[in-house]
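To find a chain, count down the sequence lines: A is the first, B the second, and so on, and within it residues start at 1.
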There are 2 protein chains.
Amino acid sequence: MKSRLNPQYEARARIIKAMAHPSRLFIIEELQKQERCVGELTEMIGSDTSTVSKHLSVLRNAGLVSDEKRANSIYYTLRCPCVMDFIGCVEEVLSANAKEHANILKCCKK
Amino acid sequence: MKSRLNPQYEARARIIKAMAHPSRLFIIEELQKQERCVGELTEMIGSDTSTVSKHLSVLRNAGLVSDEKRANSIYYTLRCPCVMDFIGCVEEVLSANAKEHANILKCCKK
DNA sequence: CTTCTATTTGGCTATATGGCAAAATACGAA
DNA sequence: TTCGTATTTTGCCATATAGCCAAATAGAAG
């Protein structure tokens with residue numbers, strides 16, 4: 001990490017890094033629809049509760065979600081719904097990749 | 001990584017992960033303005049050539065940039081400029097965090 | 001062919017991350 | 001207080017990543 005870049009890039013990278021995991025992307029997408037507690041998310045994702053709890057703390061530390069305790073569960077909410085805008089672009093990259101891959105295959109078949 | 005999530009989430013996470021590094025964010029931003037070769041980017045970032053080269057290969061493998069050899073340099077281009085849209089939202093998260101942090105400080109001073 | 005330049009690759013170390021299981025904590029209810 | 005449920009924290013291990021240096025490669029230029 002030795003570079004003379006503006007520290008702003010590190011701040012941005014921290015946020016993006018917090019999103020860079022399949023389960024956390026799922027959580028973000030789910031919380032955009034409605035708030036959820038750890039147990040519900042764990043159930044949907046299908047991995048250990050402690051693992052999901054860690055993912056949530058990563059998202060919380062990045063400021064991407066906020067939590068509120070009600071009854072005996074903690075409900076998580078997406079703080080900046082704009083993060084969902086990412087997905088459209090990511091899908092665009094993925095389909096561009098898929099198209100290119102198809103072209104390479106077609107080319108090699110000849 | 002043991003979960004029963006749709007593999008689509010992994011594909012998306014791979015793309016986002018490729019962006020989750022300060023130097024790579026800088027490269028993306030710079031390439032959005034104009035194409036650049038490894039030497040130029042290395043100069044701007046201020047780290048080892050091999051390190052920058054590796055960052056570029058991460059971006060290339062993710063399909064975020066493409067490269068073209070001309071003269072005796074390899075020029076990199078941003079493939080999907082929409083990735084720059086991320087930054088606006090990331091900044092929004094950062095300023096929300098800063099605001100919250102300021103509130104906490106104010107609250108504790110009392 | 002040889003040299004020079006630009007870039008990539010391999011080897012190495014240090015550090016960070018994900019996942020699971022067990023222990024710890026928080027707190028409402030009995 | 002004690003019990004039970006929901007969540008977080010901690011310890012451990014395996015794997016992945018960043019960084020630097022040195023060596024390898026690809027071409028252009030001589």
**Prompt:** Which pair of non-hydrogen atoms, one from B:Ala62 and one from B:Ile15, has the smallest distance, and what is that distance?
**Reply:** O-CD1, 3.3 Å

**Asked** For the pair made of CD1 in A:Ile45 and P in D:dT7, what is the distance, rounded to whole Å?
**Response** 13 Å

**Message:** Using side-chain contact (heavy atoms from CB on, under 4.5 Å), reason through A:Arg12 and B:Phe86 one step at a time and then give a plain yes or no.
**Reply:** CA-CA 10 Å; A:Arg12 291 174 182 173; B:Phe86 284 46; over 6 Å; no

**Message:** Can you measure A:Lys69 atom NZ to D:dA6 atom P for me and round it to whole angstrom units?
**Reply:** 11 Å

**Item:** Separation of D:dT17 P from B:His21 NE2 (nearest whole Å)
**Value:** 12 Å

**Rounded distance (Å) that lies between atom C1' of D:dA18 and atom CZ of B:Arg24** = 9 Å

**Item:** Full working for side-chain contact (heavy atoms from CB on, under 4.5 Å) between A:Leu5 and B:Ser23
**Value:** CA-CA 7 Å; A:Leu5 289 181; B:Ser23 300; 3.9 Å; yes

**Fill in**
From CG of A:Asp67 across to C1' of D:dA6 the rounded distance in Å is 13 Å

**Request:** Starting from C1' on C:dT9, measure out to CD1 on B:Ile74 and report it in whole angstrom.
**Result:** 13 Å

**Prompt:** Given D:dT7, is OP1 or OP2 found less than 4.0 Å from the side-chain N or O atoms of A:Ser73?
**Reply:** yes

**Item:** Atom-pair distance (CG on B:Leu56; P on D:dG19), nearest Å
**Value:** 13 Å

**Request:** State whether A:His55 places a side-chain N or O below 4.0 Å from either non-bridging phosphate oxygen (OP1 or OP2) of C:dT17.
**Result:** no

**Message:** By the 4.0 Å heavy-atom rule, please label B:Arg70 as base, sugar-phosphate, or nothing.
**Reply:** nothing

**Message:** If you compare every side-chain N and O of A:Tyr75 against the phosphate oxygens of D:dA6 (OP1, OP2), does one of them come in below 4.0 Å?
**Reply:** no

**side-chain N/O B:Lys54 vs C:dG10 OP1/OP2, d < 4.0 Å** = no

**Prompt:** Looking across every strand, which nucleic acid part, if any, lies under 4.0 Å from A:Thr49 by heavy atom: base, sugar-phosphate, or nothing?
**Reply:** base

**Asked** Do the side-chain N and O atoms of A:Asn97 and B:Arg79 include a donor-acceptor pair separated by under 3.5 angstrom?
**Response** yes

**Request:** Begin with the C-alpha distance, continue with both residues' side-chain angles, and end with the deciding distance and a verdict on side-chain contact (heavy atoms from CB on, under 4.5 Å) for B:Glu30 and B:Glu40.
**Result:** CA-CA 10 Å; B:Glu30 185 58 31; B:Glu40 291 172 324; over 6 Å; no

**Request:** Counting heavy atoms from C-beta on, name the nucleotide in D:dC21, C:dT7, D:dT7 closest to the side chain of B:Ser50.
**Result:** D:dC21

**Request:** Specify the residue among A:Ala71 and A:Val58 whose closest nucleotide of DNA chain C lies further upstream toward the 5′ end.
**Result:** A:Val58

**Request:** Return the value, rounded to whole Å, for the distance between atom CG of A:Asp48 and atom P of C:dA23.
**Result:** 14 Å

**Prompt:** Between B:Thr51 and D:dG19, is there a side-chain N or O to OP1/OP2 distance below 4.0 Å?
**Reply:** no

